[in-house]
Visitor: 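Would you mind keeping the following structure in view while I ask a few things?
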Amino acid sequence: MQIKELEKSSTGVFGAVTQWGHEQVVFCHDEATGLRAIIAIHNTTLGPALGGTRMWSYATEQEALTDVLRLSRGMTFKAAISGLNLGGGKAVIIGDANRVKTEAFMRRFGKFVNSLGGKYYTAEDVNMKTSDMEYIAMETKYVTGLPESMGGGGDPSPVTAYGVYLGMKATAKKVFGKDDLTGKRIGVQGVGQVGMHLVEHLIKENARVFITDISQAKVDALANKTGAIPVPQDEIYSLDLDIYAPCALGATVNDETIPLLKCAMIAGAANNQLKDEVKHGYMLADRGIVFAPDFLINAGGLINVYNEYLGNYNRQRAYQQAEKIYDTCLSILAFADQEKISSQEAAIQLSEKRIREIGNLRSRN
Ligand code: NAD
């Protein structure tokens, strides 16, 4: 059987890996610590694959594989559209972070990262803390997201929130004719690390901000601090809003929620907000709701760790780079209009264009 035919007919692991063109997927196992992890390297044309490690109690191995493949592909686009010289990668560790994480467990994972020789750099993601990165750093230099005391960039969330805020303003310029958010009714779903900082920017600009979270304590604390208005979780979609800002989980823009939305635009921090990036991107466009591509406007965190990777971390430089999100967002929205495609598709096409062009440049020496 020819290789191409084999690829097409493949339904197992290779079927999944070839589906999105991944370069390498590494399955890591350590009997002594019970570590089971998958590292996925999607594309290294622009540079080493950098992406965080997520720890989650996946119900099945297939679920973990699908997650890491999807997330690592997203990192390729995020780095490319943000003008960074990085490829896309991600890692998942299967298990309950509260029960199985130990020093030995994290250091063993660090050894696996090290074995890739710098092709993959890790960082924090869901259920990973700076202290875990410190353990990983004992076994490899291919790690970012370290505390400032160790020369790292510290918590990336404020930079992420700043980028989301600027992406929101750029999208508002396109939708409302000016980027001023004064008086705009904005619903922020999820007031964790990023959502909380985003709300502070919005309140400073005199927006009317509505907040919701599964943690009532977080909602109450932020409402008291900023004057943002708490709303029940299930009301956020149907609220009379100008802007919906998903800052909790992915896939909240879907068949069920799109018909409920009354907003003119969506701009938030969550990764993979569109449950189906093609179908739901076009459903929004059909309803006249402008979508700020999530992997662009939430790239501040990646920009922050990129600066750490470059060395001599400087937070001001990270903020300056995050400011480019504003113009890039406007260019993507204009390109989407020009090509009559969804903004998500426009962002993907522009990312792929940069990868192609820089890849060609490199191959010419
Ligand atoms: P976080 O865990 O600090 O905050 C998420 C918040 O969402 C929590 O307060 C949680 O209680 C809440 N939440 C969960 N489910 C909810 C629901 N159904 N309804 C309402 N609230 C709910 O995470 P974060 O660091 O603030 O990240 C937020 C999102 O942005 C995530 O999707 C993350 O992947 C993405 N993101 C974060 C960064 C970063 O720098 N932290 C960078 C890029 C993307």
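Every number for a ligand or one of its atoms is a count from 1 in the order of the listing.
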Visitor: Look at atom 30 (O) of ligand 1 and say which protein heavy atom is nearest, naming residue and atom and giving the distance to 0.1 Å.
Guide: Ala269 O, 3.2 Å
Visitor: Enumerate the atoms of ligand 1 whose separation from the nearest heavy atom of Leu249 is less than 4.0 angstrom.
Guide: 15 (N)
Visitor: Is the shortest distance from atom 13 (N) of ligand 1 to a protein heavy atom below 4.0 Å?
Guide: yes
Visitor: Backbone or side chain, does any N or O of Thr160 fall under 3.5 Å from an N or O of ligand 1?
Guide: yes
Visitor: Quick one, Thr53 and Ile39 - any side-chain contact, counting heavy atoms below 4.5 Å?
Guide: no
Visitor: Out of Gly192, Gly250, Ala299, Ala217, indicate the one that has the non-hydrogen atom closest to atom 4 (O) of ligand 1.
Guide: Gly192
Visitor: Any atoms of ligand 1 less than 4.0 Å from a non-hydrogen atom of Lys218? List them with their elements.
Guide: 8 (C), 9 (O)
Visitor: How are the rings of Tyr165 and His201 set to each other: parallel, tilted or perpendicular (split at 30° and 60°)?
Guide: parallel
Visitor: Any idea which of Ser157, Ala161, Ala248, Gly190 brings a heavy atom closest to atom 32 (O) of ligand 1?
Guide: Ala248
Visitor: Taking Lys184 first and then Asp242, would you say they form a salt bridge - that is, a charged N and a carboxylate O separated by under 4.0 Å?
Guide: no
Visitor: Quick test: of every protein heavy atom, which one is nearest to atom 17 (C) of ligand 1, and how far off is it to 0.1 Å?
Guide: Ile214 CG2, 3.7 Å
Visitor: What's the shortest distance from atom 43 (C) of ligand 1 to any protein heavy atom, and which residue and atom give it?
Guide: Asn298 O, 3.5 Å
Visitor: Among all protein non-hydrogen atoms, which one is nearest to atom 26 (O) of ligand 1, and what is the separation to 0.1 Å?
Guide: Val194 N, 2.8 Å
Visitor: Please state which protein non-hydrogen atom is closest to atom 28 (C) of ligand 1 and give its distance, to 0.1 Å?
Guide: Cys247 O, 3.2 Å
Visitor: Starting from atom 10 (C) of ligand 1, what is the nearest protein heavy atom, named by residue and atom, and what distance separates them?
Guide: Asp213 OD1, 3.4 Å
Visitor: Is a donor from one side chain sitting under 3.5 angstrom from an acceptor on the other, for Asn127 and Lys101?
Guide: no
Visitor: Is it true that Glu205 and Lys169 have a side-chain N and a carboxylate O under 4.0 angstrom from each other?
Guide: yes
Visitor: Is atom 23 (O) of ligand 1 touching the protein, meaning some protein heavy atom lies under 4.0 Å away?
Guide: no
Visitor: Is Arg107 close enough and on-axis enough to Phe105, meaning under 6.0 Å and within 45°, for cation-pi?
Guide: no
Visitor: Checking the N or O distance criterion of under 3.5 Å, is ligand 1 in contact with Asn271?
Guide: yes
Visitor: With a 4.0 Å cut-off, would you call Glu134 and Lys129 a salt bridge?
Guide: no
Visitor: Can you find a pair of side-chain heavy atoms, one from Asp255 and one from Met283, that are under 4.5 Å apart?
Guide: yes
Visitor: Does the plane of the ring in Phe295 sit parallel, tilted or perpendicular to the ring in Phe77? Use 30° and 60° as the thresholds.
Guide: tilted
Visitor: Go through the side-chain N and O atoms of Thr140 and Asn114 and say whether any donor and acceptor fall under 3.5 Å apart.
Guide: yes
Visitor: Does any N/O atom on Gln193 come nearer than 3.5 Å to any N/O atom on ligand 1?
Guide: yes
